[in-house]
Amino acid sequence: LAKEAEKALKKGIPEALAFMSLETLPVVHWKDGSKLDSRVLTSWMLSAHRSKSPIASPLIVAYAGELHEAEREALGRAIYERWYEEDFALHGLTPGQVERVQDFADRRKIAFDQARYAPDFKLNTMGYQYDTNETIVQGALDHRGVLALASALAPRFLVPECVRYVKLYRGLRIGQSRAMIHMLAGMETAAATQALVALSLRFRTASLRKEAEKMVNELAARRGWTPDELADRTMPTAGLDEDGLLHLAFTKPRAEPSDAGEDEADESEREVTRRFVGQLDANLELVLFAIGDDGARALIAKLPEPRKDEDSKQAAEEKKRLAACKKELKALVTAQHARLYAAMCSERAWTTEEFASIYLAHPVMKHVGTRLLLRLTYEDGTNRVCRASGDGSYVNEVDNTVVVPTEATLRLAHSTHLTPEEEARWGQHFSDYEVIAFLPQLGRKRFVLDAPNASDSRIAVSHTIH
């Protein structure tokens with residue numbers, strides 16, 4: 001790698017990358033403890049920048065996977081943050097331009113340096129260009145290639161950042177927003193795919209929504225799946241294990257890895273001083289418990305500060321992991337609410353095996369699957385309404401077990417599939433078992449045609465304008 005890097009650096013580093021301040025980027029080590037040669041990192045940066053594509057190459061992704069995880073994430077975060085600053089930088093402003101920016105900041109009641117980040121900054125300073133022929137230049141779209149390296153190094157951090165950018169600047173920075181969508185597609189992590197699916201379903205800027213939809217279709221086609229199957233099979237776990245818990249721990253300090261290649265101690269061999277677990281509450285939010293020496297759990301509001309005998313750096317990483325898991329959980333629940341509502345309206349069908357693997361075996365979605373009212377369709381076309389219980393079986397409104405054959409299909413039910421009496425019994429069932437419905441499936445207003453129009457195949461709608 002070092003020899004290849006030297007060859008790549010013979011032409012020097014282009015002035016366009018000065019904003020990256022390569023010499024001040026965080027130091028990173030390989031998993032074996034040896035230091036990543038700064039020349040290698042610089043060659044990666046040059047290659048990514050020249051590609052002008054925010055999608056990382058498989059080779060860079062492979063190399064990134066061999067780096068120390070926490071240091072790799074810090075490096076990827078630093079690269080993105082420096083690109084972000086350059087994207088909003090205002091270079092070489094004339095006195096007139098400074099006055100224009102100050103006027104915008106005064107009207108928004110924000111600091112001069114913060115004005116450039118406002119979503120409508122460019123829109124409100126364009127008038128200056130027509131008055132004076134002096135354009136206020138802003139944007140780092142030409143440097144979008146470095147985002148590929150950032151996405152390979154820090155995918156967990158960048159998924160929510162990409163979504164935030166697209167939502168905040170959707171109509172005013174289309175090129176950069178499109179680059180963010182491509183980044184999500186290139187990461188191919190569960191969280192990135194879910195974010196991409198969410199943007200493709202409901203997003204007000206049509207061009208970006210269509211771009212996200214295109215990326216979803218391409219990802220699905222490469223795997224031989226439909227877009228719905230892609231979304232189903234790539235749901236992140238938000239850090240929860242198969243037992244439905246997020247396991248956290250503080251440990252005693254360890255020696256820092258040396259540059260000479262000394263092996264880093266395996267995480268499992270480090271002495272644990274305190275343990276914590278996170279689990280979902282009734283609102284599908286993560287709550288924390290401290291685990292005592294006797295195994296007893298005590299509810300805590302947040303992770304405590306590390307003691308003197310604990311590794312402060314490792315504790316800080318655990319806190320970051322907890323924060324990232326909470327963000328991922330919130331995004332997952334929000335995205336699945338939109339997807340399941342759409343599935344209810346379109347009457348999407350799952351086989352019983354598909355539904356069980358997606359919504360009853362997943363560490364997060366199993367808390368959602370039991371809150372859904374299901375319409376079971378047998379092979380002969382008959383239907384009945386049921387709900388999945390926590391033990392994997394299905395029950396009716398009076399809690400009797402419902403046999404669900406493997407050849408049957410499941411859809412999401414709603415009020416129109418029930419008589420008023422059945423709907424009332426299901427409402428009582430949810431209340432008795434303290435089940436918080438995930439979707440508004442019950443209590444929906446019914447629209448019934450009067451007798452003269454009941455046999456019509458078309459419905460005419462009239463509007464009265466007052």
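Computed from a prediction, not measured in an experiment: that's the story for all the values here. These numbers come from the heavy atoms of this one structure, side chains and all, not from hydrogens, waters or symmetry mates.
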Are the side chain of [X] and the backbone N or O of [Y] linked by a donor-acceptor pair below 3.5 Å?
{"X": "Ser47", "Y": "Trp44", "answer": "no"}
{"X": "Thr205", "Y": "Leu208", "answer": "no"}
{"X": "Ser151", "Y": "Ala148", "answer": "yes"}
{"X": "Gln314", "Y": "Ala249", "answer": "yes"}
{"X": "Arg144", "Y": "Lys52", "answer": "yes"}
{"X": "Ser346", "Y": "Ala342", "answer": "yes"}
{"X": "Thr419", "Y": "Glu422", "answer": "yes"}
{"X": "Gln114", "Y": "Ala111", "answer": "no"}
{"X": "Glu66", "Y": "Tyr63", "answer": "no"}
{"X": "Thr234", "Y": "Leu230", "answer": "yes"}

Any chance you could lay out the side chain to side chain donor-acceptor pair (under 3.5 Å) test for Asn383 and Tyr378, step after step, and finish with the verdict? CA-CA 6 Å; Asn383 297 283; Tyr378 294 99; over 6 Å; no

Quick one: are the ring centres of [X] and [Y] less than 6.0 Å apart?
{"X": "Phe88", "Y": "Tyr169", "answer": "yes"}
{"X": "Tyr359", "Y": "Trp350", "answer": "yes"}
{"X": "His247", "Y": "Phe276", "answer": "no"}

[X] side chain near [Y] side chain, heavy-atom distance below 4.5 Å:
{"X": "Leu41", "Y": "Leu75", "result": "yes"}
{"X": "Leu147", "Y": "Ile79", "result": "no"}
{"X": "Leu246", "Y": "Val277", "result": "no"}
{"X": "Arg384", "Y": "Asn396", "result": "yes"}
{"X": "Glu318", "Y": "Phe250", "result": "yes"}

Should the pair [X]-[Y] be classified as a salt bridge under the 4.0 Å nitrogen-to-oxygen rule?
{"X": "Asp228", "Y": "Arg233", "result": "no"}
{"X": "Glu310", "Y": "Lys252", "result": "no"}
{"X": "Glu69", "Y": "Arg321", "result": "no"}
{"X": "Lys210", "Y": "Glu213", "result": "no"}
{"X": "Lys313", "Y": "Asp311", "result": "no"}
{"X": "Glu397", "Y": "Arg387", "result": "no"}
{"X": "Glu347", "Y": "Arg411", "result": "no"}

Identify the two heavy atoms, one from [X] and one from [Y], that lie closest to each other, and give their separation to 0.1 Å.
{"X": "Ser415", "Y": "Gly443", "result": "OG-N, 3.3 Å"}
{"X": "Val163", "Y": "Ala195", "result": "CG2-CB, 3.7 Å"}
{"X": "Val287", "Y": "Phe289", "result": "CG2-CE1, 3.8 Å"}
{"X": "Ala150", "Y": "Gly76", "result": "CB-O, 3.6 Å"}
{"X": "Leu22", "Y": "Thr42", "result": "CD1-CG2, 3.7 Å"}
{"X": "Asp243", "Y": "Leu245", "result": "OD1-N, 3.0 Å"}

Gap between atom [atom2] of [Y] and atom [atom1] of [X] - 0.5 Å precision:
{"X": "Ser21", "Y": "Arg82", "atom1": "OG", "atom2": "CZ", "value": "5.5 Å"}
{"X": "Leu149", "Y": "Met45", "atom1": "CG", "atom2": "CE", "value": "5.0 Å"}
{"X": "Cys386", "Y": "Leu373", "atom1": "SG", "atom2": "CG", "value": "8.0 Å"}
{"X": "Met20", "Y": "Leu25", "atom1": "CE", "atom2": "CG", "value": "7.0 Å"}
{"X": "His417", "Y": "Trp426", "atom1": "NE2", "atom2": "CH2", "value": "14.0 Å"}
{"X": "Ser200", "Y": "Glu211", "atom1": "OG", "atom2": "CD", "value": "11.5 Å"}

Arg339 versus Gln194, side-chain donor and acceptor atoms under 3.5 Å: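 Note: Gln194 and Arg339 side chains miss the donor-acceptor criterion.
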
Can you see whether Gln428 engages Tyr433 through a side-chain donor-acceptor pair at a distance of less than 3.5 angstrom? no

Show, in sequence, the C-alpha distance, side-chain angles and deciding distance for Leu184 and Leu158, and conclude whether the side-chain contact (heavy atoms from CB on, under 4.5 Å) test is met. CA-CA 9 Å; Leu184 290 172; Leu158 278 176; over 6 Å; no

Around atom [atom1] of [X], are there more than 12 heavy atoms from other residues, nucleotides or ligands closer than 6.0 Å?
{"X": "Glu242", "atom1": "CD", "answer": "no"}
{"X": "Asp293", "atom1": "CG", "answer": "no"}
{"X": "Glu218", "atom1": "CD", "answer": "yes"}
{"X": "Lys319", "atom1": "NZ", "answer": "yes"}
{"X": "Phe430", "atom1": "CZ", "answer": "yes"}
{"X": "Lys366", "atom1": "NZ", "answer": "yes"}
{"X": "Glu23", "atom1": "CD", "answer": "yes"}

Give me each pair satisfying salt bridge (charged side-chain N to carboxylate O under 4.0 Å, His left out) with a member in residues 185-200, each pair once, sequence neighbours excluded. Glu188-Arg222, Glu188-Arg223

Partners passing side-chain hydrogen bond (donor to acceptor under 3.5 Å, both in side chains) against Asn283 (at least two apart in sequence or in another chain): none

Starting from the C-alpha separation in whole Å, work towards a yes-or-no answer on salt bridge (Lys or Arg N to Asp or Glu O under 4.0 Å) for Asp232 and Arg348. CA-CA 13 Å; Asp232 286 342; Arg348 182 191 169 192; 2.5 Å; yes

Could you walk me through whether Asp113 and Arg116 pass the salt bridge (Lys or Arg N to Asp or Glu O under 4.0 Å) test, one step at a time? CA-CA 7 Å; Asp113 192 52; Arg116 57 196 174 115; 3.4 Å; yes

Check the pair Glu86, His143 against side chain to side chain donor-acceptor pair (under 3.5 Å), reporting the backbone distance first and the verdict last. CA-CA 9 Å; Glu86 181 66 13; His143 308 309; 4.7 Å; no

Could you go step by step and tell me if Arg297 and Gln279 meet the side chain to side chain donor-acceptor pair (under 3.5 Å) rule? CA-CA 12 Å; Arg297 295 184 183 185; Gln279 69 178 47; 2.7 Å; yes

Quick one: sort the Tyr84 and Tyr165 rings into parallel, tilted or perpendicular, breaks at 30° and 60°. perpendicular

Please verify the inter-ring angle class for Phe157 with Tyr80; under 30° counts as parallel, over 60° as perpendicular, anything in between as tilted.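 Phe157 and Tyr80: perpendicular rings.
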
